[in-house]
Participant: 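My questions all concern the structure below.
For this chain, numbers begin at 1 and follow the sequence in order.
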Amino acid sequence: MLDIKASMYTVSIHLLPNINPFALLFFLILSFPSPGAKNGVKGEAAASDDELTSDVLSHYSSASESTSVVEEGTGSEQVDEQTAQEETEDKLKLCIDNLTDKSAKTRLAALESLRQAFSSRVLYDFLTERRLTISDCLERSLRKGSGEEKAASATVFALLCIQLGGGDEAEEGFKMLRPPLTATLSDSSASIAARQSCARTLGMCCYVSSAEDGEDLIKSLALLESVFMSSYPNGEGVLPTPKPGSAGLHTAALQAWSLLVTICPTSRLTVLLSHHLPKLQACLQSSDVNYRIAVGETIALLVELGREIDEEFEVEDGESLCECLKSLATDGNKHRAKNDRRKQRSIFREVLHYIENEDFTEEKIRFGVENVYIDSWVRRRIYDAFKEILESGVRDHLQFNQLLRDIFGLGPPLILDAAVKGNKISRFEKHLFNSAAFKARTKQRNKVRDKRADVM
């Protein structure tokens with residue numbers, strides 16, 4: 001029993017076990033009469049206090065009962081969650097079995113289902129036990145499948161490496177699938193889509209599983225270079241005429257290469273800077289907007305890495321580079337799509353701003369109750385690489401995947417226990433309280449208005 005003494009009366013409230021303290025405070029505020037009320041009205045207002053107390057407590061009692069019902073149902077929800085988990089695993093097992101089906105259509109459907117599952121949730125325990133089986137199936141698809149199947153298999157393998165993290169399991173899988181990945185990427189007769197997917201997967205899996213001075217890192221860098229360097233100008237400084245679809249392949253290879261550059265040892269990085277920066281500047285005149293943007297972002301990333309090695313680092317022919325960037329940042333050619341022009345101007349304004357002022361526009365990515373800050377070109381390239389493969393599932397992986405949390409310095413995954421969650425007022429509880437408070441306030445005001453009218 002709690003007695004609260006007001007200036008003119010006493011209100012007795014039986015505290016309910018589930019009543020929210022904020023609701024109680026709000027009720028108490030409503031319960032006190034207005035200090036400006038007339039003497040003739042105070043008596044009537046005080047007499048109505050018991051009715052107000054009864055109204056609010058009766059409404060809130062129903063909320064408490066509803067809360068208790070929810071608490072009683074927690075056990076059943078846990079059972080339902082466990083059942084759903086078992087059903088999901090059964091479906092995944094069926095998809096894994098279908099990877100060896102004779103029908104190409106069935107295999108493609110299984111690969112698509114695995115892609116969606118791997119990208120949307122963390123399945124480390126489930127996949128650790130089946131990684132070799134899945135890797136064998138993906139290797140077979142990469143060697144013998146159609147172009148579409150090879151592209152899908154490469155994407156699923158990249159997701160598998162992200163799921164397994166940077167441990168021995170991912171390294172073991174990468175060594176198994178690296179030969180078919182490199183074979184497909186090097187095969188000029190293979191489909192462009194398959195080669196693009198293999199380029200992205202090669203970069204991601206090497207980034208996840210290779211050490212900074214690893215042999216796989218050097219080999220992967222060299223292979224990716226051989227792909228996008230075909231877009232470099234010839235000896236006379238003239239850009240080659242791109243073949244159909246080649247710009248997309250060059251873009252994928254360049255982005256995968258720039259991801260691996262972020263983990264290069266300093267000795268190797270110095271060589272790469274001197275060799276590639278001048279050639280990449282010429283590629284800013286490419287006819288493909290996506291490739292131009294990829295080149296611009298890579299230039300900014302290389303300059304950032306160069307400045308980390310040497311504070312006095314300067315770009316060769318920096319004035320010419322800045323003039324080219326200014327032109328691209330203000331490009332208004334009508335023969336280009338409006339969205340392409342907008343995207344290009346936005347990116348190249350950022351690149352130019354960084355080259356001239358060493359200033360990067362920070363970006364905040366929110367997921368759950370946490371944030372990750374993208375505050376450098378290196379960090380942006382890493383985040384974009386994961387986002388390209390995980391798509392909309394990148395936020396779930398940032399929240400629960402230990403690999404991504406280690407890469408972005410987020411620490412162990414946060415666990416919000418029942419006590420923390422219990423401090424939040426549910427939407428249903430807010431609705432019940434607001435309706436009770438509104439009804440009580442309306443009754444009180446109506447009665448006060450009536451009595452004031454009688455007095456007057």
Participant: Quick one: does Q163's side chain have a donor or acceptor within less than 3.5 Å of a partner on F118's backbone?
Facilitator: yes
Participant: Indicate yes or no for a side-chain donor-acceptor contact from Q255 to the backbone of A294 under 3.5 Å, with no hydrogens or angles considered.
Facilitator: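 No, because the side chain of Q255 does not come within donor-acceptor range (under 3.5 Å) of the backbone of A294.
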Participant: Using the salt bridge (Lys or Arg N to Asp or Glu O under 4.0 Å) criterion, which residues pair with K243? Sequence neighbours excluded.
Facilitator: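 Testing K243 for salt bridge (Lys or Arg N to Asp or Glu O under 4.0 Å), a comparison that skips the adjacent residues, returns none.
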Participant: Say whether, by atom type as modelled, one donor and one acceptor occur between the side chain of R405 and the main chain of G411 under 3.5 angstrom.
Facilitator: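 Yes.
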Participant: Any non-hydrogen side-chain atom of N401 less than 4.5 Å from a side-chain atom of L390?
Facilitator: no
Participant: Considering only heavy atoms from C-beta outward, does the side chain of V289 approach that of K343 to under 4.5 Å?
Facilitator: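 Not touching, per the 4.5 Å side-chain cut-off.
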Participant: Are side-chain heavy atoms of F174 and V208 found at a separation under 4.5 Å?
Facilitator: no
Participant: Let me see the working for Q402 and V122 under side chain to side chain contact (heavy atoms under 4.5 Å, CB included), right down to the final yes or no.
Facilitator: CA-CA 9 Å; Q402 190 59 58; V122 176; over 6 Å; no
Participant: Roughly how far, to the nearest 0.5 Å, is OG of S186 from CG of L223?
Facilitator: 4.5 Å
Participant: So do L398 and F386 actually touch side chain to side chain, heavy atoms under 4.5 Å?
Facilitator: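 They are not in side-chain contact.
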Participant: Would you indicate whether the side-chain heavy atoms of M229 and H275 approach each other to under 4.5 Å?
Facilitator: yes
Participant: Taking 4.0 angstrom as the limit, do R379 and E362 come out as a salt bridge?
Facilitator: no
Participant: How about Q196 and T251: do any of their side-chain heavy atoms sit closer than 4.5 Å?
Facilitator: no
Participant: Kindly indicate, with the supporting measurements, whether the criterion salt bridge (charged side-chain N to carboxylate O under 4.0 Å, His left out) is fulfilled by E350 and R380.
Facilitator: CA-CA 12 Å; E350 292 185 44; R380 174 181 284 185; 2.9 Å; yes
Participant: Can you name the closest pair of heavy atoms from S274 and P278 and give their distance?
Facilitator: O-CD, 3.6 Å
Participant: Drop me the distance from D136's CG to I96's CD1, to the nearest 0.5 angstrom.
Facilitator: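 That separation rounds to 12.0 Å.
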Participant: Could you tell me whether a side-chain N or O of S153 sits under 3.5 Å from a main-chain N or O of S141, the two making a donor and an acceptor?
Facilitator: no
Participant: Between CG of L111 and CZ of F157, what distance do you get to the nearest 0.5 Å?
Facilitator: 13.5 Å
Participant: Under 4.5 Å between any side-chain heavy atoms of P233 and V238, yes or no?
Facilitator: no
Participant: Go through the steps for I382 and L259 under the test side chain to side chain contact (heavy atoms under 4.5 Å, CB included), then give the verdict.
Facilitator: CA-CA 6 Å; I382 296 171; L259 174 66; 4.0 Å; yes
Participant: Does L254 form a side chain to side chain contact (heavy atoms under 4.5 Å, CB included) with W257? I'd like the steps, not just the answer.
Facilitator: CA-CA 5 Å; L254 180 61; W257 178 83; 4.0 Å; yes
Participant: Tell me if a side-chain donor or acceptor on R395 pairs with a main-chain N or O of R366 at a distance below 3.5 Å.
Facilitator: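 A pair under 3.5 Å: yes.
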Participant: Between T88 and L123, is the side chain to side chain contact (heavy atoms under 4.5 Å, CB included) condition met? List the steps.
Facilitator: CA-CA 11 Å; T88 300; L123 301 165; 5.6 Å; no
Participant: Which salt bridge (charged side-chain N to carboxylate O under 4.0 Å, His left out) pairs, counting each pair once, include a residue from residues 144-169, with sequence neighbours left out?
Facilitator: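 Sorted result for residues 144-169: R107-E149.
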Participant: For the atom pair CG (L249) and OH (Y291), what is the distance rounded to the nearest 0.5 Å?
Facilitator: 10.0 Å
Participant: Please name the pair of heavy atoms, one in Y124 and one in L164, separated by the smallest distance, quoted to 0.1 Å.
Facilitator: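 Closest heavy-atom pair between Y124 and L164: CE1-O, 3.5 Å.
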Participant: Take R130 and E89, measure what salt bridge (charged side-chain N to carboxylate O under 4.0 Å, His left out) needs, and give me the verdict at the end.
Facilitator: CA-CA 12 Å; R130 299 166 179 83; E89 292 185 357; 5.6 Å; no
Participant: Evaluate the side-chain proximity of E112 to Q116: yes if any heavy-atom separation is below 4.5 Å, no if none is.
Facilitator: yes
Participant: Rounded to the nearest 0.5 Å, what separates atom CG in L181 from atom CZ in R143?
Facilitator: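 It is 9.5 Å, given to the nearest 0.5 Å.
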Participant: Which heavy-atom pair separates G245 from I192 by the least distance, and what is that distance?
Facilitator: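 Of all heavy-atom pairs spanning G245 and I192, the closest is O-CG2, 3.4 Å.
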Participant: Keeping S220 on the side-chain end and L217 on the backbone end, is there a donor-acceptor pair under 3.5 Å?
Facilitator: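 It does not hold such a pair.
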Participant: Answer yes or no: is there a donor N or O on one side and an acceptor on the other, between the side chain of S231 and the main chain of F228, under 3.5 Å?
Facilitator: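 Yes: the side chain of S231 pairs with the backbone of F228.
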Participant: Taking R131 for the side chain and T128 for the main chain, is one N or O donor matched with an acceptor at less than 3.5 Å?
Facilitator: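 Checking the backbone N and O of T128 against the side chain of R131, a donor-acceptor pair under 3.5 Å is found.
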Participant: Okay, side chain of S346, backbone of R342: is any donor-acceptor separation there less than 3.5 Å?
Facilitator: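 Such a contact is absent between S346 side chain and R342 backbone.
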Participant: Specify the closest pair of heavy atoms between C161 and A170, including all atoms of both residues, with the distance to one decimal.
Facilitator: O-CB, 4.1 Å
Participant: Out of C198, S197, S119, which residue meets the side chain to side chain contact (heavy atoms under 4.5 Å, CB included) rule with T155?
Facilitator: S197
Participant: Side chains of W377 and E297 only: does a donor on one sit below 3.5 Å from an acceptor on the other?
Facilitator: no
Participant: Rounded to the nearest 0.5 Å, what's the gap from CZ on F313 to OG1 on T270? Could you check?
Facilitator: 9.0 Å
Participant: Just by modelled atom types, is the I374 backbone N or O under 3.5 Å from a matching donor or acceptor in the E363 side chain?
Facilitator: no
Participant: What is the minimum heavy-atom distance between F367 and V372, and which atoms define it?
Facilitator: CE2-N, 3.8 Å
Participant: Could you pull out the closest heavy-atom pair between A256 and G203, with the gap in Å?
Facilitator: CB-CA, 4.0 Å
Participant: Decide whether a cation-pi geometry holds between R121 and F126; the criteria are a distance under 6.0 Å from NZ or CZ to the six-membered ring centre and an angle within 45° of the ring axis.
Facilitator: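 Verdict for F126: no cation-pi partner in R121.
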Participant: Under 6.0 Å from the CD atom of E356, do we count more than 12 heavy atoms belonging to anything else shown?
Facilitator: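 Result for CD/E356: enclosed.
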